[in-house]
2 protein chains.
Amino acid sequence: MRRSLGDWNCSVARTLEVLGDGWTMLILRDAFLGTRRFADFEAALGISKNILTKRLQHLVDHGVMEKVDAGVHGTRFEYLLTRKGKDLLTVVTALRQWGDRWEFGPGNEPILVVDQATGDPIEPVRIRRVDGTPVPSRDLGVRPGPGASEDTLRRFQER
Amino acid sequence: MRRSLGDWNCSVARTLEVLGDGWTMLILRDAFLGTRRFADFEAALGISKNILTKRLQHLVDHGVMEKVDAGVHGTRFEYLLTRKGKDLLTVVTALRQWGDRWEFGPGNEPILVVDQATGDPIEPVRIRRVDGTPVPSRDLGVRPGPGASEDTLRRFQER
DNA sequence: CAGTATCCTCGCAGATACTG
DNA sequence: CAGTATCTGCGAGGATACTG
């Protein structure tokens, strides 16, 4: 039986529980691009209503989006990214960036990260040393952190 | 009917086609931590053999991992991250980081990114300005890039 | 427009047994 | 050890109709 992702003592697994679903990431991508209304998500993604309802609800439940009534006359709901949600831009960007590099070819990015004040493009996510210099991925390693399980530690030693 | 993710003209969707599955990300997490052998993935994840076979095969097909015979006496297969695969560390790190911040609390990271030469921890992924200074997520915006569809552009204008 | 409420289908994932 | 082969279920996702 597959354990629930939330049971893992692992931030990666916990995060996947929130957005591991196939649609969620695409909803977020569109949200970053400014989509706010139910019908717009529906049309853009070609997702069925009941699924979209469930996904949006799930995101609201986890505090990633908030549902606000932006109705001027009558009700009109909008789904907006919270701060927690906006903080997922690194994840979306990392995904896009990898796709640009390995699955797509450069120059085709449908999403661009920009400085909101100036509108200028911003350098995409990178892993850096503490002095700020970027590290090529071949020079990067990984080791268990403070919260790692005994099992993780053991397997890490063996390698 | 749901379109195949690969049909989208979007790097995010393309990437999700490679690793959008529920297990794949966790396999990669363990791969980064040094897990190489079939049985170790199996034990660590509690995944059933046939599924694991399929996932690993999928990753090999997409050039994320390679299956090599590391047998000294007899055959012993190992699944290793390719360069393309190692380049996913930004994605895994972004996921972990978000989980640390929003779902877990700090100081619990089972994975730590380190400089392979020194072993020192490395600053996690961030989005930065061209001058190298990091940008808080609330100051970040997004706009359609070169490859954006007409539809995306239109919805972006409306917001 | 923004959803509920049903019904249905297909495929992912699990369990188990077997193989070189 | 590293899989393949088979059977089974269950639930995510789709289609459609209906509602305030």
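Letters go in sequence order (proteins before strands), and every chain restarts at 1. What you see is a predicted model; the values in this text were computed from it and never measured.
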Below 4.0 angstrom from OP1 or OP2 of C/dC1, is there any side-chain N or O of A/Lys49?
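Checking A/Lys49 against C/dC1: no side-chain N or O falls below 4.0 Å of OP1 or OP2.
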Is there a side-chain contact between A/Arg55 and the phosphate of D/dA12, meaning an N or O under 4.0 Å from OP1 or OP2?
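So the side chain of A/Arg55 is outside the cut-off, no N or O lying under 4.0 Å from OP1 or OP2 of D/dA12.
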Which value, rounded to the nearest 0.5 Å, describes the distance between B/Met65 atom CE and B/Leu88 atom CG?
10.5 Å
What distance separates A/Trp102 CH2 from B/Lys84 NZ, expressed to the nearest 0.5 Å?
7.5 Å
Expressed as a whole number of angstroms, how long is the span from [X]:[atom1] to [N]:[atom2]?
{"X": "B/Asp40", "N": "D/dG3", "atom1": "CG", "atom2": "P", "result": "12 Å"}
{"X": "A/Leu45", "N": "D/dG14", "atom1": "CG", "atom2": "C1'", "result": "14 Å"}
{"X": "A/His58", "N": "D/dG11", "atom1": "NE2", "atom2": "C1'", "result": "15 Å"}
{"X": "B/Ile47", "N": "D/dG3", "atom1": "CD1", "atom2": "C1'", "result": "13 Å"}
{"X": "A/Gln57", "N": "D/dA12", "atom1": "CD", "atom2": "P", "result": "15 Å"}
{"X": "B/Arg76", "N": "C/dG20", "atom1": "CZ", "atom2": "P", "result": "21 Å"}
{"X": "B/Ile51", "N": "C/dG11", "atom1": "CD1", "atom2": "P", "result": "14 Å"}
{"X": "A/Phe77", "N": "C/dT4", "atom1": "CZ", "atom2": "P", "result": "10 Å"}

Which is more 5' along DNA chain C, the nucleotide nearest A/Ala39 or the one nearest B/Asp21? Just name the residue.
A/Ala39
Any donor-acceptor pair, under 3.5 Å, between the side chain of A/Asn50 and the base of C/dT4, if you only look at N and O atoms?
no
Any base atoms under 4.0 Å from A/Tyr79, or only sugar-phosphate, or nothing? Heavy atoms, all strands.
sugar-phosphate
Check this for me, if you would: do A/Arg83 and A/Glu66 make a salt bridge, where the nitrogen-to-carboxylate-oxygen distance has to be below 4.0 angstrom?
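No, no charged N to carboxylate O under 4.0 Å.
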Closest to the B/Lys67 side chain, choosing from D/dG13, C/dA2, D/dG3
D/dG3
Proximity to the side chain of B/Thr53 - top-ranked nucleotide from D/dA12, C/dG14, D/dG3:
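Out of D/dA12, C/dG14, D/dG3, the nucleotide with an atom closest to B/Thr53's side chain is D/dG3.
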Under a single-linkage definition using a 4.5 Å side-chain heavy-atom cutoff for Ile, Leu, Val, Met, Phe, Trp and Tyr, are B/Val114 and A/Val125 assigned to the same hydrophobic cluster?
no
Please give the nucleotide sitting opposite D/dG20 as a Watson-Crick or G-U wobble pair, both distances under 3.5 Å, or none.
C/dC1
For a quick check under 3.5 Å, do A/Asp40 and A/Thr35 share a side-chain donor-acceptor pair by atom type?
no
